[in-house]
Amino acid sequence: MRSWARGIAGMACAGGLVLAAAGCGGQDGGDDSGRAGAARAGRPAAGVVTRAQADRLIDRYEKINNRANKTSDPKVLSRAEAGPLFQESKATYRLQKNWTRKRLAEYRESFRYVNREYYIPRKGTADWFVTVAYSRNPGGKKSKYPGILVMEKKAAGWRMVAGSYSDSAWTPRLAKDKDGFALPVTDPDKKIGALAPSRLSDALLDLYDDAGPTEATGFRSSAATRWIRKVPRTQNKLLSPAGEAVFSRGETAHEEVHALRTRDGGALAVFTTQVREHDRGTQLSATIHPSDDMKVYAGPSSRPSFFVDWLHQSSAYLPPKGTAKLLGSEYTMTGAAPGTDENGRMPGVNS
């Protein structure tokens, strides 16, 4: 996790606006279960980790991520990342073959997370915790906006599984219980305001529908919603008049949501969305020319259509009343394939 890309896959170009974000690293830290154990009478309450353990885990994450980024090595990175974040990082490494030397050198600069704030749930209520922090490069330059990072305990140890950067310095104030522990949302299907945390991914996908007001998706208008809503317009303009882009739900294996309660009774959520873009000709003679990024996955040949997969990492604030606010969203191309196989089927369909 070092940089995020907002790309546009059109007839000839899939690159686009690249956002510098943050990095990743860490040593498998235990949860001190021998010391904390199950809660016993007279013993202080315990979190999923202590603050000191959280600090060591983030330190470890930085160290491993920086080492992996030097050589774009997913095997090294797998010791620090998992889930959708690891999928996105592996895709970034793969797409680096199209990067300039300058961009690659900037990506491989080491970084640290500074101004860290930890939000640690009580032990037994979650197997993850959240860090809100800024990234800083060797020159001392700090990221403008904070990252909201989710670290989760897996079978192999603690791994960073999700992360999103806000489009502003503002994030909602998170709630804590009487012992100072963060409060995870335990029922993601229950509405908080106008939207349930489990429906955030659907709401983001709805932004790809160019019809109707933004509020109809469940989000109020924000910088993040505005750029997403421009994507289908831009794509269709690129493909016009002989082609079109259609967006739908992608594979959902890596879709996750992690949400914490806010002091006002709302929630702050980090969530993942898979979007599949179908670029296709609308005339018999139409041919789609893959962009450089598409060629990494699908090869250089032009075809009547292509499917392009995108993975979004996003953060949102769900107020106790009213529509949600999409704080930030970034996406990476994680795959591309010709529109049909030799049997005339689209990728990923077995029937």
Do F111 and N66 have side-chain heavy atoms sitting under 4.5 Å apart? yes
Sub-6.0 Å ring centroid separation between Y317 and W170: yes
Say whether, by atom type as modelled, one donor and one acceptor occur between the side chain of S329 and the main chain of S314 under 3.5 angstrom. no
Shortest non-hydrogen contact from A267 toward V185: CB-CG2, 4.0 Å
Between R276 and R249 the two heavy atoms that sit nearest each other are CB-O, 4.1 Å
Nearest 0.5 Å, please: how far is CD1 in I288 from CG in D279? 6.0 Å
May I ask you to check whether Q313 and S164 show a side-chain donor-acceptor distance below 3.5 Å? no
So, Y208 versus W310, ring centres under 6.0 angstrom or not? no
So R280 and V246, do their side chains get closer than 4.5 Å, heavy atoms only? yes
Does the side chain of R226 pick up a donor-acceptor pair with the side chain of S221 at under 3.5 Å? yes
Is there a donor-acceptor pair under 3.5 Å between the side chain of E215 and the backbone N or O of R220? no
Does S222 use its side chain to pair, donor to acceptor, with the backbone of L326 at less than 3.5 Å? yes
Cluster check I148, Y145: I/L/V/M/F/W/Y, side chain < 4.5 angstrom: no
Mutual orientation of the aromatic rings belonging to F307 and H278 [parallel < 30°, tilted 30-60°, perpendicular > 60°]: parallel
Should we count CZ of R199 as having more than 12 external heavy atoms under 6.0 Å? no
Side chains of L260 and L183: does their closest heavy-atom pair fall under 4.5 Å? no
Can a donor-acceptor pair be found between the side chains of R229 and T214 at a distance below 3.5 Å? yes
Does K230 offer a backbone N or O that forms a donor-acceptor pair with the side chain of T234 under 3.5 Å? yes
Give the minimum heavy-atom separation between G47 and I120, together with the two atoms involved. CA-CG2, 4.2 Å
Compare all side-chain heavy atoms of D167 with those of L327 and state whether any distance is below 4.5 angstrom. no
For the residue pair K142 / N137, report whether a side-chain donor-acceptor contact shorter than 3.5 Å exists. no
Any donor-acceptor N/O pair, S198 side chain to P188 backbone, under 3.5 Å: yes
For R159 and S78, indicate whether the former's side chain and the latter's backbone hold a donor-acceptor pair under 3.5 Å. yes
If Ile, Leu, Val, Met, Phe, Trp and Tyr residues are connected whenever their side-chain heavy atoms lie under 4.5 Å apart, and connections chain through other members, are L207 and W227 in the same group? yes
Nearest atoms (heavy-atom pairs only) where Y297 meets A91: OH-CB, 3.5 Å
Give a yes-or-no answer on whether the side chains of S72 and Q96 include a donor-acceptor pair shorter than 3.5 Å. yes
Can a donor-acceptor pair be found between the side chains of Y118 and D55 at a distance below 3.5 Å? yes
Does any N or O in the side chain of T50 come within less than 3.5 Å of the main-chain N or O of Q53, such that one atom is a donor and the other an acceptor? yes
Got a donor-acceptor contact below 3.5 angstrom from the S89 side chain to the L85 backbone? yes
Would you give the length of the straight line joining atom CG of L318 to atom CG of L195, rounded to the nearest 0.5 angstrom? 5.5 Å
Less than 4.5 Å apart, any side-chain heavy atom of R303 and any of T287? no
Treating R108 as the side-chain partner and N69 as the backbone partner, does any N or O pair qualify as donor plus acceptor under 3.5 Å? yes
Applying side chain to side chain donor-acceptor pair (under 3.5 Å), run through E255 and S201 and close with a yes or a no. CA-CA 8 Å; E255 289 205 355; S201 184; 3.1 Å; yes
Using the rule that Ile, Leu, Val, Met, Phe, Trp and Tyr join whenever any side-chain heavy atoms are under 4.5 Å apart, tell me whether F86 and Y93 fall into a single cluster. yes
Please confirm whether the backbone N or O of K75 pairs with a side-chain atom of D73, one donor and one acceptor, at under 3.5 Å? yes
Before accepting this row, confirm whether a basic side-chain N of the pair K154/E152 lies closer than 4.0 Å to the acidic partner's carboxylate O. yes
Thinking salt bridges, do R233 and E244 make one under a 4.0 Å N-O criterion? no
Separation of R116 CZ from L149 CG (nearest 0.5 Å): 10.0 Å
Using the rule that Ile, Leu, Val, Met, Phe, Trp and Tyr join whenever any side-chain heavy atoms are under 4.5 Å apart, tell me whether V130 and F181 fall into a single cluster. no
Can you tell me how far apart OG (S168) and NZ (K144) are? Round to the nearest 0.5 Å. 10.0 Å
A side-chain contact here means heavy atoms from C-beta on lying under 4.5 Å apart; do W158 and V49 qualify? yes
Would you give the length of the straight line joining atom CG of L204 to atom OG1 of T217, rounded to the nearest 0.5 angstrom? 8.5 Å
Let me confirm one number: the CZ-CG distance from R112 to D59, rounded to the nearest 0.5 Å. 5.5 Å
What pair of heavy atoms forms the shortest contact from A316 to F271, and how long is it? CB-CE2, 3.9 Å
Between the side chains of D264 and T262, is a donor N or O closer than 3.5 angstrom to an acceptor N or O? yes
According to the interplanar angle, ranging from 0 to 90°, do the rings of W99 and Y107 count as parallel (below 30°), tilted (30 to 60°) or perpendicular (above 60°)? perpendicular
Do L311 and V270 share a hydrophobic cluster (ILVMFWY, side-chain heavy atoms under 4.5 Å, transitive)? no
Could you pull out all residues at least two apart from R136 that satisfy salt bridge (charged side-chain N to carboxylate O under 4.0 Å, His left out)? none
Distance-minimising heavy-atom pair for D179 and A45: OD2-CB, 3.8 Å
